[in-house]
Structure formats: C-alpha cells, structure tokens
Amino acid sequence: MCDFIKKIEINKMKEIPTRYQPNDVEDKWYAHWMDKNYFHSEPDDREPYTIVIPPPNVTGVLHMGHMLNNTIQDVLIRKARLEGKNACWVPGTDHASIATENKVIKMLKEEKGIKKSDLTREEFLKHAWEWKEKYGGIILDQLKKLGASCDWERTRFTMEESLSKAVTKVFVDLYKKGKIYRGLRMCNWDPKVQTVLSNEEVEFKEEHSKLYHVKYRIEGTENEWVTIATTRPETILADTGIAVNPKDERYAHLKGKNAIVPLVNRAVPIIFDNYVDMEFGTGCLKVTPAHDTNDYEIGKRHGLEVIDSFNADGTLSEAAQFFVGEDRFVARKLMAAELEKLGQLVQTEDYQNSVGRSERSKAIVEPRLMLQWWVSMDGFAKTALDAVKDGDVDFFPKHIFNMYNSWLKEENVRDWCISRQLWWGHRIPAWYYGEEVFVAETIEEALAEAQKKTGNAALTTDDLIQDDDALDTWFSSWLWPISVFDGFENQDELNYYYPTNVLVTGWDIMFFWVARMIMAGYEWSGDLLENKPKYPFKDVYFTGMVRDVIKRKMSKSIGNSPDSLKLIEKYGADGVRFGMLSSAAAGNDIIFDAPFIDPKKQLAVKDESDNCMQGLNFANKMWNGMRLVLSWKIIEQPLNEDLGRVNALAGQWFESLLQKNIAALEESYSQYRLNEGVMGLYNFIWGDFFSWYLEIIKPPYGEGIDRKTYETAVNFFERLMTILHPFMPFVTEEIWHLLKERKDGEDCVISRYPTAGAFDEKLLADFEATKDIISKVRDIRTKNGLKKHEPLKFFVQKTDGVEQLLSREGLKETIIRTAVLESIVFTDSEPENGVAFISGPEKFYVIVEKEIDVEAEREKMTKELNRLQGFLTGIEKKLGNERFVNNAPEKVVAMEHKKKSDTEAKIKNLEEALAKL
RNA sequence: AGUGCUAUAGCUCAGUUGGUUUAGAGCGCUGCCUUGACAGGGCAGAGGUCAUGAGUUCGAGUCUCAUUAGCACUACCA
C-alpha cells in the first residue's frame, strides 16, 4: 500500500483513473481493517457502545432486509468507534429449529434417500450439525462484503455450549418460580413438520373454500332435521354436540333432545350457548371439541366428549371410524360425497374464510389438543410493557408502541407455548418417571429429586425418560443480549457491555423477540449484575419492511428481491449502503427500486437500482474531487493579496458551514434519522464542498496553489471523509489514504470524529447572498451567450445593505473572481446595456455588449413581478385584518411588516428595470 | 369487525410546539453545454387545489371530526 501511495506522490494524476472502481478497493480495505483487528473489542476504561446483532437464521442468505438492518447497525457502530468509544458489535446466528430441521430433512431425503424416521435422534443431530458446519456461515461472510464491522472473534451461535447451558438454566429457574408449566391446551399443530407452533408462527390469510350445509336428524324422529354449516365436513365424524343460541326461537323446542351425527350415527346433545351467532348460516353450529379452539371451549362449558379423529400427520385416525388413514383433505371430499349420497348434504356454497398456515412449512395448521410446555405471561407482560411506558427503553419511531401495547396488554396477551416436537434445538430438561415430572439442569439432579420424591433410592437414570421435545428457538434468542457475553456463567464482560445501547430490528419480530428480550432482561440481569439498568437495550430502532416498487414485501416466493451480492458487485457496498439508507426514512417501510420497472422498456430490470447508482455516482464525485485537489501544484510564495483574501474568506465560510452540518448530523443521529443524515452530507459535500468551495479556491489553469489553502482544503476533505465514513466506509478510507501520506495505523476507520463547534450565522447568510449573486451572473452569461472566461462589467445599485455585504473582507473579490467580473462599481443610476437582476432586495447590473433578448427578459421579469405582487397582496390583506394585528404575536406582525417592505423594494426595482427595457 | 399507521411534485421523502416567503430536497423528466477533476459531469427549466369534506383559529400541509384509499396488527368467520 505504501508503494502505491509513493507512486501517487511522484505523479499523482496520471496514476489515478477518472472513474472510481469500488470492487478492489473494498476487498482491500476490509482485509486491512481485519488485519489491524479494529473491530475487536475488549473491556477497558473507555465508554462502551454495544450492539448485538439480531441473529439471522443459520440457514439464511443475505436478503434486502438484512442489508438494510445491518447497514444501519454498522453506521451506528462505526460512528461510535470514530467517537473514541469502545464499540462492540456482536455477530452470530440462531439455530432456527423448524427451518433448519426442514432443510436437513429435505437434504437427507434428496441427497441420501434417508427419512427422518429411519434415524435415531443422535444420528439425525449428527447430520444436522454437519449441515450447519457446511452452510451455516454463509450469511456472515456476506455481511463482510457489505462492510459490517462486527467483532467476528465474538461470533456466537444459539446452540453452542454456553448459550445452551443458559437456556437450560433459565428453563429450570422459571419452572421453580412457577412461571413455566405443562398444560393441555388447544395448540397450533403443523401436520407436515409435526410440531406445535406458537400463535406468532401461524399466518392467517383469506382463502377460497366451500361452506357445506349438512342436515342432522333429531333423535327419536323420522323426519325432523337441523342444518348446520361447516367448512370442514371431515370433522363431522368427531362431532359431540350441536349448539344453538339460547335466544333463538327457531330451536327452542329442541331443548333436551339429541341429534344424530351422520355416518357414525352418534347421538349428541343439542346445547344452548351464547357463542353461537344467530345470524350466521343456519344459526346452528356443530361442535367438535377436539378440532376447533372455540368448540373446545364450548365443549368444556357443557361437558361434551372430546373425540380426536386425526393422526399427527393429518390423516384420519381409528376414532374417525370412516376414511381411516386418508389425508384430511381427501377425507373432506369423500365425506362430502358420502353425505350427498345419504341426502344429507343440503347445499354447498363458495366461501372465503381465513385459513391459518405454518409460517415455515405453509401447511394448514390443525388445532389440536396437546400437552405442551408454556411460559406464563403473568407479570412478564406488565414488565415488558412498563419498560417502554416508563421510558427505560425508547422506541424509534415512537408510534410502534401502540402495536406493542395492544399485544402485551392484559386482555390480549397469551401464554407462550415453548415446546416443539423437533430434534434440532435445545431439548427440554424435564424427565419423567411414570406420571411424575422432574425438571433439572442435569439428569443426575433430576434423578436425585425423583429418588427423594418417590422415596425409592434404587432409582437409576435408566428409569427416567427425558421429554422428547425441543424448545422454541426464541426461547434461546430472548437471552441473546446476556448470553452472547456468557453472562449466565460469569459477569466479567456482561458487567461492561450490558445494557447494550441500541437494538436495530424489523417490527415484524417485535413480539417474537423484542418484547421477550425485555422480559428476560428484567427477569435475570438484576440477579447477575448490581447497580445496572435491567433493560437489555436503551433504544430500539425498528426498521420498515423492504418492499418493491409496487409495495409488495420482498420475498423469495415472489422472486421480487434483488440479489444482494450482485448489487454490491455492480454499485459497490458503499453504493448499496447509500441506496438503502437514502430511501430508508426512519420507521417507514422502504420502497426499494430494485428490480424496478424500466419506464421506457416497461420491463422489470433485475438487480438494478437508481438509488444505488446515486451512491456510486456520489463516490465517483468524491473521487474526482480528490483528483482535482491532488492535481494542484503547491507553490511556497504567497499569492497576490486579492486571491489570499478570497481563499481566506472561503476557508472561514466553509469552516462555519462544516460546524453547522456536523451539528445537524448529530441531531439526525440522535433521532436515528439516518436518511436525513446521509442526504444532508450528500448535499453538503457535493453542493457546498465541491461545487462552491473547491471552485472558489481552484487556481487558474496552469497556476499553483499556496500551501496554506491547499492544506486547509485537504483538512476539510479529510474531516468530511471521517463524518461520511459510517455511511460509506470504503470510499472514504480510500480517499483518506490517497489525500496524503499516512503513517501505519493512521486510518479513516479509527480517525477522530469532530465535535460540533460554534459557527457564524451572519457569515453563512452573507455567503448565501454571495452565491446567489454569482449564480445569477452566470445565468445571464449563459442566457446571453457570453464566453465563460470573458470578464464582465458589473454595477450595484447602492444601498446600505449591499455596501455592508460587500465590505466583508474578501467577499467582493470572491464575487469578481468566481463570477469572472472586471470589477464591482456602485452606482445610483441605470448603466447602459445593463441586464438587471434582483438578489435579495438588491439590484445589480451586468453589462452585456450585445443585443439583449428583450422579449425573454421582459417575460421573465413580468412573471417574477406578478408573483411578487400576488405575494404582496396576501401580506397586505393580512395586515389589513384588524383581528390579525390585534391577536397575532408582535413578532409575527413585525415579520409581516418586514416581508412587506422587502417585497415592495423588490417590486420597485423590478418595475424600474422593466420600464428601462 | 376492532385497532394502529400512512396519504404533500412522475417516484422516494422533508416540512420540528399552527405564523420566514401563494410548500422544499433527492431521483427521474425536458432543454442547453464537452479543450484541463468528474457525461457516473455542469447549467437551466417544467412539474403540487398538500387524498376528500367540514370544523377550530386573526391565521391550517400542520390541530379536531367525518369520509375515502393503501398498509399492517389483533380477533372471528361454524
């Protein structure tokens, strides 16, 4: 690298290509940062800044959501690092039990022809671990491409030993506290994967189906019937009741009677329950307690029998008596046909209802009565709710709290089902001896308890049977902010890093994960740490969902997600980061333009993005700005006085503006308004630094620049690279090194982040006025076809205001030089051949020794005059309104008066100029 | 069905407690401009009844209510 820099020193410009090429640069710097171990953190006496990554699934590949989420985290962690904090970003993955188990089963079937049922638990897990070792790290490598500055030495996995121990420990702890229990409940059963799911893992969607009207004969009658409506005729075989509303006159006479269930000919009671909606269908409901959550409740109220007519895989069981062994959907058709044959199918109608599917396997979820493990939300819910309500944890954006609240409030929250009928995951630390269950961290402890409880000292571990089920993955993820620091084992690191500063995640896992981490934080961190806040993170920044141009969520199944790595290849990681961030308004969903519809071709263009292109263009602009600066030859003797004053003023102005921008950026950071931050920098660097500052100090072609101005410019450039670094780490590091020779270890990634200082508002305002004057001269120049470098005669209508403005040291010279004027002359009269313009309230003239396009000038001035007059009318109306003058604050009224006089001055100037034409 | 969020230029968004311009930015679009950093560039321009309707106020993009549309969450759908 040093050789490279030396070469540039010898002949700077010729060595540097005119286009910025990100790919090589990015790999080079990432390797360098890793080599220097800059991302690694050890506790020390600095202030910590900690983020734990939302662990992606170990099966995952980098998608747009990850890119956005991790770019944001990287921006925050890099900023903290630049500020001299001990920045620690802990990466890792979770074991994703359902997703991974599915993948492994599929792989075994396709590649090795093995069924899960052919394997023992141990054999299966061996395959699963092999699979994990082979594919499990992919997403983490992809994050490196994005520039993520994680502390890779700290990479954790939810199933490694220490984190698994933590899971066991908290399970036992909660069980002993009575917060975990085993209970028979209606669960969401996934017949494909054959596991229960938590409510959060079931997706409900409207689907087309059929509503079957079926009549049941009343017992003891020949031809009296009740008609029910059902979408699931196959469950008729497990009916144990018929329910009607107690107020329903139509069925009042059926009190105490039974109905006969078709096919099985079972007599079931007709019961009266308020749950039944008289308006719906026939007002008559079949009750199948084993296969419907509500029916189960009704059954419980009326003491109905529970008949489970399904097997675990969704086929009909012996208890169904008919269609045994047939799949539930096949049985549905067979049942309908059979009912038709019997003449009991009154009608079928098309119907739309919402159907719950497994989030992972997409199988239709079957309500099933099962004995499962649960975490009681009593207490937990309130803790999590209060943490945010009381301001321990702050949500960004704030309004997300509404959703959080509606989930956690007492009347809505439901206990958390944590057992899963899977092998891949943490096995439940519960052992059975007959009907007794013993929950302990090890089998030996369980045995000791069993011996004590039974009074049978002869019991051995062989007599105990461990629960087959594994725990919900989130039951390990909720410990993440503690467990990644091995906090349950020892608190050395936890004490330093906990609580973490911010969590960056999508709102879609607010309940799965965020709420539960807060619960876990309050439940255990107090026991582990003294005198520390209990919350796991101070702030939560919820990112939006990444959507495509027509607002669909990006997903694998639609295929509307661009290939992240291809985007990085095309635009550079910096370009992609810029593209993502600039479209990511805090809290809103992100409409990302890749793939986008090409307006000309009307075709979807894959893996292209104007947003990312903007980022690449920005990098290129900076690259060329750097080339410009490097091309300047430094001369040691001072320049002429005018030029000296121009450069000095430009330096003062830009310094002030830099301070102002640093302060504004800080404000954006504090609200996590990163798109505002990055766009502000974009406009500041491109618009002010390159288009104004460098243009002003740029020496005439072939001439040199004085050392002081050169060094000031390089210093500005350097500071800009530091403040931009968190957003675009690679290009800033590259430019940082090319700008001047650096010592070993003097890298942008660890440079010093500037704190905002004072800035001179008057100077900034004066300079804005200056820029406006220069722009307007340039405009007149191009409109009248005047040459770029031909000095123009220039007059100013003399007023106190403009005299004061132009008296600022270097300002007049700046205008003369930058607008290319002969001189600036004050005047009281209209000069000949003058094209007038108004800037602020002041009037200026550019002498054009040419035919002026009078018509065009007149049109332009008239248009402006009309606008101003309309504006003035508005102000006058306001000031003419007594109630306004009397009621509005004095300040506001004074402002209107000033607006009025300013506008009147402008109008006067314009009218004069117009008359002169 | 209930609740929440959103609605400002072709697109993505700003617009901070109502008063500093009859609304701003970036991208896109249109026109012009290539001998010295950059066409991945420069300059200029067009484009908005601030979703609709009412209200509060001296004054509403900003506050209130209703309506409509989109998105989401929750519940139910026999």
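Per chain, numbering begins at 1; letters A, B, ... match sequence-line order.
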Decide, yes or no, whether a salt bridge links A/Glu790 with A/Lys787 under the criterion of side-chain N to carboxylate O below 4.0 Å.
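The answer is no: the pair does not qualify as a salt bridge.
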Run the salt-bridge test on A/Asp772 and A/Lys776 with the 4.0 Å N-O cut-off and return the result as yes or no.
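The answer is yes: the pair qualifies as a salt bridge.
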Is the [X] ring parallel, tilted or perpendicular to the [Y] ring (thresholds 30°, 60°)?
X: A/Tyr693; Y: A/Phe716; result: perpendicular
X: A/Tyr672; Y: A/Tyr541; result: tilted
X: A/Trp632; Y: A/Tyr710; result: perpendicular

[X] vs [Y] side-chain heavy atoms within contact, under 4.5 Å:
X: A/Asp239; Y: A/Val287; answer: no
X: A/Asp574; Y: A/Phe727; answer: no
X: A/Tyr682; Y: A/Ser582; answer: no

Candidate pair A/Lys771 and A/Asp688, rule salt bridge (charged side-chain N to carboxylate O under 4.0 Å, His left out), full reasoning
CA-CA 10 Å; A/Lys771 281 159 66 178; A/Asp688 290 302; 2.9 Å; yes
Where each pair must be Watson-Crick or G-U wobble with both distances under 3.5 Å, what dot-bracket representation of RNA chain B is obtained, with crossing pairs in [ ] and other-strand partners as |?
(((((((..((((.....[....)))).(((((.......))))).....(((((..]....))))))))))))....
Has A/Arg673 got a side-chain N or O lying under 4.0 Å from the OP1 or OP2 atom of B/G15?
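Yes.
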Is there a side-chain contact between A/Arg19 and the phosphate of B/G40, meaning an N or O under 4.0 Å from OP1 or OP2?
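Checking B/G40 against A/Arg19, a side-chain N or O does come within under 4.0 Å of OP1 or OP2.
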If the sugar-phosphate is the primed atoms plus P, OP1 and OP2 and the base is the rest, what is the B/S/- string for nucleotides 1-12 of chain B, using protein heavy atoms under 4.0 Å?
---SS------S
Contact state string [nucleotides 21-27 of chain B, B base, S sugar-phosphate only, - no protein heavy atom under 4.0 Å]:
BB--SSS
Under 3.5 Å: donor-acceptor pair, side chain of A/Asp295, backbone of A/Thr288:
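It does hold such a pair.
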Can you name the one residue among A/Arg332, A/Arg328, A/His291 that meets side chain to side chain donor-acceptor pair (under 3.5 Å) with A/Glu234?
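Exactly one candidate clears the test, A/Arg332.
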Do A/Lys900 and A/Glu904 pass the salt bridge (charged side-chain N to carboxylate O under 4.0 Å, His left out) test, and can you show the C-alpha distance, the side-chain angles, and the key distance before you say yes or no?
CA-CA 6 Å; A/Lys900 185 174 177 234; A/Glu904 281 167 345; 3.7 Å; yes
Quick one: [X] [atom1] to [N] [atom2], roughly how many Å, whole number?
X: A/Lys621; N: B/A39; atom1: NZ; atom2: C1'; value: 11 Å
X: A/Asn624; N: B/C38; atom1: CG; atom2: P; value: 6 Å
X: A/Glu896; N: B/G18; atom1: CD; atom2: C1'; value: 14 Å
X: A/Phe618; N: B/C38; atom1: CZ; atom2: P; value: 19 Å
X: A/Phe884; N: B/U57; atom1: CZ; atom2: P; value: 17 Å
X: A/Arg414; N: B/C76; atom1: CZ; atom2: P; value: 7 Å
X: A/Tyr672; N: B/U16; atom1: OH; atom2: P; value: 23 Å
X: A/Ile774; N: B/G42; atom1: CD1; atom2: C1'; value: 16 Å

Measure from the side chain of [X], starting at C-beta and using heavy atoms only, and say which of [options] lies closest.
X: A/Met895; options: B/U20, B/A14, B/A37; result: B/U20
X: A/Asn881; options: B/C38, B/C58, B/G40; result: B/C58
X: A/Asn617; options: B/G41, B/C73, B/G19; result: B/G41
X: A/Lys878; options: B/U20, B/C38, B/C76; result: B/U20
X: A/Ala888; options: B/C58, B/C38, B/A37; result: B/C58

Test side chain to side chain donor-acceptor pair (under 3.5 Å) on A/Arg627 and A/Asn624 and set out the steps.
CA-CA 5 Å; A/Arg627 290 179 68 234; A/Asn624 278 291; 2.8 Å; yes
Students often get this wrong, so: under 4.0 angstrom with heavy atoms, is [X] touching a base, only sugar-phosphate, or nothing?
X: A/Ile228; answer: nothing
X: A/Val287; answer: nothing
X: A/Lys863; answer: sugar-phosphate
X: A/Asn886; answer: nothing
X: A/Phe578; answer: nothing
X: A/Ile875; answer: nothing

On RNA chain B, check which nucleotide each of A/Glu676 and A/Tyr275 is closest to and give me the residue with the more 5' one.
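Closer to the 5' end of RNA chain B: A/Glu676.
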Find which nucleotide of RNA chain B each of A/Gly625 and A/Tyr212 is nearest to by heavy atoms, and output the residue with the more 5' nucleotide.
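Here A/Gly625 is the residue nearer the 5' end.
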